[in-house]
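First the structure, in the form of structure tokens, and then the observations on it.
As the structure lists them, so they are numbered: ligands from 1, and atoms in each ligand from 1.
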Amino acid sequence: MTNWLVTEYLNKMTLEEKVAQLLQLAVPFFKGAKDSGQITGPMKSLGITEEQIDNAGSVLGLAGAEEVLAVQKAHLANNRLGIPLLIMADIVHGFKTIFPVPLAIGCSWDLELAEKSAEIAAREAAVSGIHVTFAPMVDLVRDPRWGRVMESTGEDPYLNSLFAQAFVRGFQGDDLRNERDRVAACVKHFAAYGLAEGGRDYNTVDLSELKLRESYLPGYKAALDAGAEMVMTSFNTLDGIPATGNRKLMRKLLREEWGFDGVLISDWGAVKELIPHGVAEDEREAALKALQAGVDIEMMTSCYVHYLPELVAEGVIEEKLVDEAVLRILELKEKMGLFEQPLRGADPELERTVVYSSEHRAVSRELAAKSCVLLKNDGLLPLGRQQRVALIGPFADSGDILGPWSWTGSQETAARLGAAMQAASAEASNVTLAAGCGIDTFEKALAQEAAAAAEAADVLVLALGEASEMSGEAGSRSDIRLPQAQLELLRRMKQLGKPLAVVLFNGRPLDLSGVLDEADAVLEAWFPGSEGGLAIADLLYGNVNPSGKLTMSFPYSTGQIPVYYNSFNTGRPQGAPDAQVRYVSQYLDVPNEPLLPFGYGLSYTTFAYGQPKLSSATLTAEQPLQVSVAVTNTGSTAGTEIVQLYIRDMAGEVVRPLKELKAFSRVELAPGESRTISFEINEAMLRYYHSDLSFGSDPGAFKLMIGGSSRDVQEADFRLV
Ligand code: GLC
């Protein structure tokens, strides 16, 4: 509903002022800016005037209370109508207190803590002057060659939707006008950016509408249902049309079908990129197509300011199309109270105590410990505090553990693994550090130094992985193994014949050839954030028992990609009763299943599952059924198990996945303790998109599966009647 205030402003604005309101610029363009802020795309000359900058509607990549105060005050002094800037930035998994990357947070399966991390990120960002965060990123991912899988929470639509809602709740709170310590969320990248062909960033996306709706749209819809104020377009095409100029996707689906009337912002340069995409001859046509698609804000290109006035003057578009976009932006500013409080939450004094507080860092440490996944343990872990440990590898003493979206974080003050292990051991001198090699450079001297450190140790811990710039945006890799230098180091250390554990720092599932078989234990730490070293030391020394479970499959090799748990059976499945040896859907050189499946993760204890018990063998739309299963901690250490419920529709109107996650429960059990975990299964859980895109369930046979991963499950059958 448009309120009178913004209408007042609109009526006073000239056409030039209106189109400038649709312009978003990076920090260096603005008066009062002392530094360049965060630059996340190509910086080219935009050919814009001082007046257009003074009338710009928003800035991106600006942070810091003093900096924001300076820029906002300068802007207000030079803007004829005193319309304040919206201040936006990428606060994806933390501001100064950096949390694990979202793919790691997803592996915690802890929605509450995920929400808490977003709330803390919002508090730190808001006090530093930010109004909107370009998060959550909810793109479904199934291809670890793509560098941005680290920003997602994984390969499952249902789990991604739950995390999307948790992040939006945490960022926004309930009342953006009065809660000035929260920020508006901008869900991205709409849509299906994660399906870039070949895992190559910015590449073509092509899929059926059925698959788009079934698997790729739920995360965005969930974020909007949770109230996300903004949407960001994706760089890719859909149905042959780039999202940023795609009227069917933006006007028809997002705005008409879903009823989204908030602000739609292009990704960096995506309006002008309609030209290289080949759907616009020039910036004039790019401006026309983007506005017709409903894109309100043009990020970091100047097609709108250069060509919308003439398109209106020539009657090619009506001015009301511009007005709609301007109104949505003014309404968001008004909703956030910016007309009364253009400085909103920016507070240099408060910033000094809120940002990077010990309370916030404690939450990051807890979430990091829950986000790590124990991939293998032949009994080597947890370490004894008296053991002499040689910590070897490029991540033994590295601050590059914050991940690719951590521009406001501090690698210098991040908790490094070496120091944390020395603090956790009985004596600091029990733990010696040696780099062993570079990220992708092998140096004999470093290897010899590492061998010397190893000689004196009882146990070797190798800290290996990807540098942060090897994932993230524009960080696609065609070969997802560890760099050869690190594999060589691991091989040499293995030859010493001592117990050997590996800790991995990476932004994607890796091809673990040369790692998983060689090591006695492997802990996946992802990019664990500001407190990463402390969290990993907590796990390695058993102060915390690992509970993380993978939310994205680890393939045997790059050649197996895409491999994901919720795939289809095919007409010639491997292992069927009448399956032939050859003529089935398989590879000759690797299994069909991933090396490590969705939902997988070990603990220092073990859990046993009883047979699922159903309240009924049938369910109806009116009468759901209950399923319960006894879960027992059969080990000697307290631990947390993430009990997962999957369902398979045995015969649909279209093919249905082998299994789909439908519920889960985190359960903490003392040694020997048993607990009965129950889930309700109702008809709504069985609905899916049909070939005519209708959404509903069909009577028939279903299988439920319950277990500690998508692979290790107990089954039971039931029918929908
Ligand atoms: C980048 C990213 C997007 C980010 C934006 C602003 O190109 O694709 O995720 O929010 O630019 O930094």
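Relative ring orientation between Y193 and Y202 is described as parallel, the plane-to-plane angle staying below 30° on a 0-90° scale split at 30° and 60°.
Note: W109 and F598 meet the aromatic proximity criterion, with ring centroids under 6.0 Å apart.
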Put together the list of close N/O pairs, under 3.5 Å, between ligand 1 and the protein, could you?
from     : atom 1 : to   : atom 2 : distance (Å)
ligand 1 : 7 (O)  : D267 : OD1    : 3.2
ligand 1 : 7 (O)  : E473 : OE1    : 3.1
ligand 1 : 7 (O)  : E473 : OE2    : 3.0
ligand 1 : 8 (O)  : R148 : NH1    : 2.7
ligand 1 : 8 (O)  : D267 : OD1    : 3.3
ligand 1 : 8 (O)  : D267 : OD2    : 2.6
ligand 1 : 8 (O)  : E473 : OE1    : 3.4
ligand 1 : 9 (O)  : R148 : NH2    : 2.7
ligand 1 : 9 (O)  : K188 : NZ     : 2.9
ligand 1 : 9 (O)  : H189 : NE2    : 2.6
ligand 1 : 10 (O) : D90  : OD1    : 2.5
ligand 1 : 10 (O) : K188 : NZ     : 3.0
ligand 1 : 11 (O) : T40  : OG1    : 3.3
ligand 1 : 11 (O) : D267 : OD1    : 3.1
ligand 1 : 12 (O) : T40  : OG1    : 2.5
ligand 1 : 12 (O) : D90  : OD2    : 2.5

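Under the side chain to side chain contact (heavy atoms under 4.5 Å, CB included) rule, F527 has a single partner from P100, S406, P404, which is P404.
Using modelled atom types and a 3.5 Å distance limit, the side chains of D156 and Y564 yield no donor-acceptor pair.
Both tests pass for R361 against the ring of Y356: distance under 6.0 Å to the centre and angle within 45° of the axis.
By the side chain to side chain contact (heavy atoms under 4.5 Å, CB included) test, S215 pairs with L140, R142, P157, sequence neighbours left out.
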